[in-house]
Amino acid sequence: MIKRNISLILVILAMTLNILSFDFSNFNIESKNTWIFLAASIIIIVSITALVINENKKKRIIDK
């Protein structure tokens, strides 16, 4: 794995820990914690997508 992907992996790890620590029994759309949970969910989806796209581009360049 290339060093420039380490920061992206750390973002994914941090967002995963944030999502796992969320208390679903207190899910209230007006709560700040709910919005942080939703933002973390979106960020982790975008980060994983960016990581996969980046790795696929590198493999295509190497294969040529």
Side-chain angles (χ1 to χ4, degrees):
M1 185 174 306
I2 298 177
K3 289 183 181 180
R4 63 181 175 229
N5 287 338
I6 292 175
S7 62
L8 195 55
I9 291 172
L10 289 176
V11 167
I12 292 170
L13 179 64
M15 293 301 122
T16 304
L17 290 174
N18 190 6
I19 289 170
L20 291 176
S21 68
F22 184 73
D23 185 16
F24 287 100
S25 63
N26 294 332
F27 192 85
N28 181 6
I29 200 68
E30 297 174 0
S31 173
K32 179 182 173 185
N33 289 336
T34 301
W35 286 105
I36 292 173
F37 166 75
L38 293 174
S41 300
I42 292 169
I43 290 171
I44 195 168
I45 290 168
V46 170
S47 298
I48 291 172
T49 305
L51 183 63
V52 169
I53 290 171
N54 192 17
E55 288 298 319
N56 285 339
K57 284 182 182 178
K58 288 178 196 171
K59 286 182 183 178
R60 287 182 192 157
I61 292 172
I62 292 173
D63 290 341
K64 287 184 179 181

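Positions are given from 1, in the same order as the sequence printed here.
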Under 3.5 Å, side-chain donor or acceptor atoms of residues 10-18 against the rest of the protein: list the pairs with distances, not counting sequence neighbours.
from  : atom 1 : to    : atom 2 : distance (Å)
Thr16 : OG1    : Ile12 : O      : 2.6

Task: Over all atoms of both residues, closest heavy-atom pair of Asn26 and Thr34 - done: O-OG1, 4.2 Å
Task: Sequence-distant partners of Phe27, ring pair (Phe, Tyr, Trp, His ring centres under 6.0 Å), two or more places apart - done: none
TODO: Without swapping roles, check the side chain of Trp35 against the backbone of Glu30 for a donor-acceptor pair under 3.5 Å.
DONE: no
Open item on the list: What's the separation between atom CG in Asn33 and atom CG in Leu38, rounded to the nearest 0.5 Å?
Closed with: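 These two atoms lie 11.0 Å from each other.
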Open item on the list: Does the plane of the ring in Phe37 sit parallel, tilted or perpendicular to the ring in Phe24? Use 30° and 60° as the thresholds.
Closed with: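 Correct class here is perpendicular.
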Task: Close side-chain approach of Ile19 and Ile44, heavy atoms under 4.5 Å - done: yes
